[in-house]
Amino acid sequence: MNHPIGFQMNMARNWCLDIAESCPAELADVQLEEFSNTIRWQLGHILTVAERMLFQVPFPSVSLPSEFTGWFDSGSKPSDWINQPPSRDELISLLKRQQERFLTLPLELFNVRLDPPFFGFASYGECAGFVIVHESYHAGKMDEMLRVVKQRS
């Protein structure tokens, strides 16, 4: 995809994946007192929000099971999990597949106006811009969490 939004989405996802893959599997579920969630939760949250913002508008499609919302939506937390969500490695695989999907989006899609707006965003490009900011924020949080958990291990 040769578009600034696509380039930035790819860059943010690569950063997220670099952090995720550098996290030992046994540390992905460490819950520190300073953080309300775990690295595995962060990965699932990034995946779930990007799926909602990029693939539910303007042409709805569903590729994640409905359980993902319960596990990873805003306000959820690992201590509330009843069923076991995907592992860190499974989430990394799903994030890579989602990246392949968003890299094939047609450039014209970023100009599509949304009526009514979706979560307050008036165009698909605005939704994609939110995904970039959101993913970057949570990748930064994962980086911070990983540094702290490694210091204490």
Side-chain angles (χ1 to χ4, degrees), residues 1-57 61-105 107 109-110 118-121 123-153:
M1 172 185 308
N2 192 11
H3 187 282
I5 292 175
F7 175 81
Q8 291 173 351
M9 284 174 26
N10 195 45
M11 187 171 58
R13 180 56 54 92
N14 285 338
W15 182 33
C16 170
L17 289 169
D18 286 346
I19 295 164
E21 290 172 336
S22 73
C23 175
E26 67 273 9
L27 299 182
D29 289 316
V30 173
Q31 174 81 48
L32 298 174
E33 187 177 300
E34 300 92 328
F35 302 104
S36 59
N37 286 298
T38 63
I39 291 171
R40 178 165 48 153
W41 182 90
Q42 296 284 341
L43 293 171
H45 180 68
I46 288 167
L47 177 74
T48 302
V49 169
E51 191 68 25
R52 178 181 303 131
M53 300 306 291
L54 297 174
F55 299 106
Q56 286 188 357
V57 294
S61 68
V62 177
S63 70
L64 292 177
S66 60
E67 292 88 3
F68 276 68
T69 302
W71 291 321
F72 303 117
D73 216 3
S74 296
S76 66
K77 55 188 181 292
S79 60
D80 292 340
W81 292 345
I82 295 168
N83 300 321
Q84 192 69 310
S87 69
R88 178 203 69 133
D89 290 342
E90 291 168 321
L91 290 168
I92 289 170
S93 178
L94 289 168
L95 286 161
K96 287 178 179 180
R97 280 191 281 178
Q98 187 181 66
Q99 182 179 32
E100 291 169 4
R101 288 171 49 225
F102 70 61
L103 288 174
T104 64
L105 294 171
L107 301 179
L109 193 57
F110 294 117
F118 188 68
F119 286 94
F121 299 108
S123 73
Y124 186 81
E126 290 177 7
C127 288
F130 171 77
V131 168
I132 295 163
V133 171
H134 181 262
E135 186 148 343
S136 297
Y137 170 81
H138 284 281
K141 185 61 69 177
M142 285 191 313
D143 191 46
E144 178 185 14
M145 294 169 81
L146 186 55
R147 276 187 278 123
V148 173
V149 78
K150 281 182 174 179
Q151 286 173 352
R152 295 186 186 169
S153 296

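Numbers for residues simply follow the sequence, beginning at 1.
The minimum heavy-atom distance between Leu91 and Pro86, with the atom names listed, is CD1-O, 3.8 Å. When all heavy atoms are compared, the tightest approach of Ser76 to Gly70 is CB-O, 3.4 Å. Of all the heavy atoms in Arg40 and Phe72, the pair that sits closest is O-CE2, 3.9 Å. Summarising the geometry of Ala139 relative to Ile46, their closest heavy-atom pair is N-CD1, 4.2 Å, with the distance given to 0.1 Å. Across every non-hydrogen atom of Pro78 and Ser36, the tightest pair is CD-O, 4.4 Å. For Thr48 against Leu64, the heavy-atom pair with the smallest separation is CA-CD1, 4.1 Å.
Ring-plane geometry between Trp41 and His45 is classed as parallel, the angle between the planes falling under 30 degrees on a 0 to 90 degree scale with a further cut at 60.
Here Asp89 pairs with nothing under the side-chain hydrogen bond (donor to acceptor under 3.5 Å, both in side chains) rule; sequence neighbours left out. Legend: residues meeting salt bridge (charged side-chain N to carboxylate O under 4.0 Å, His left out) with Arg88, ordered by chain and number and at least two apart, are absent. Take Arg152 and apply the side-chain hydrogen bond (donor to acceptor under 3.5 Å, both in side chains) test, not counting sequence neighbours, and it matches Glu34. Thr69 meets the side chain to side chain contact (heavy atoms under 4.5 Å, CB included) test with Arg52, Asp73; sequence neighbours excluded. For Phe130, the ring pair (Phe, Tyr, Trp, His ring centres under 6.0 Å) criterion is met by Phe121, His134, not counting sequence neighbours. Not counting sequence neighbours, the partners of Arg101 by the salt bridge (charged side-chain N to carboxylate O under 4.0 Å, His left out) test are Glu51. In terms of the side-chain hydrogen bond (donor to acceptor under 3.5 Å, both in side chains) criterion, residue partners of Asp80 (sequence neighbours excluded) are, by chain and number, Lys77. Considering only residues two or more places apart in sequence or on other chains, Phe55 meets the ring pair (Phe, Tyr, Trp, His ring centres under 6.0 Å) condition with none of them. Partners of Gln56 by side-chain hydrogen bond (donor to acceptor under 3.5 Å, both in side chains), not counting sequence neighbours: none found.
No donor-acceptor pair under 3.5 Å is formed between the side chain of Glu100 and the backbone N or O of Thr104. Of the possible donor and acceptor atoms, one in the side chain of Trp71 sits under 3.5 Å from a partner among the backbone N and O of Asn83.
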Side-chain polar contacts of residues 17-27 - donor-acceptor pairs under 3.5 angstrom, sequence neighbours left out - could you list them?
| unit_1 | atom_1 | unit_2 | atom_2 | d |
| --- | --- | --- | --- | --- |
| Glu21 | OE2 | Lys96 | NZ | 2.6 |
| Ser22 | OG | Asp18 | O | 3.4 |
| Ser22 | OG | Ile19 | O | 2.8 |

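Residue pairs meeting the salt bridge (Lys or Arg N to Asp or Glu O under 4.0 Å) criterion with at least one member in residues 133-142, sequence neighbours excluded: Arg13-Glu135, Lys141-Glu144. The list of side chain to side chain donor-acceptor pair (under 3.5 Å) pairs with a residue in residues 123-133, not counting sequence neighbours, is empty.
Between atom CG of residue Asn37 and atom CE of residue Met145 there is a gap of 6.5 Å, rounded to the nearest 0.5 Å. Between the CD atom in Gln8 and the CD1 atom in Ile132 there is a gap of 4.5 Å [rounded to 0.5 Å]. Here Ile92 contributes atom CD1 and Arg97 contributes atom CZ; the two are 12.5 Å apart, rounded to the nearest 0.5 Å. Atom-to-atom distance recorded for Asp29:CG and Thr38:OG1 is 5.0 Å, nearest 0.5 angstrom. Going from atom OH of Tyr137 over to atom CD of Gln42 covers 7.5 Å, rounded to the nearest 0.5 Å. Between the SG atom in Cys16 and the CG atom in Asp143 there is a gap of 11.0 Å [rounded to 0.5 Å].
With a 4.5 Å cut-off on side-chain heavy atoms, Leu94 and Phe68 count as touching. Within the 4.5 Å cutoff, the side chain of Leu54 has heavy atoms near those of the Met9 side chain.
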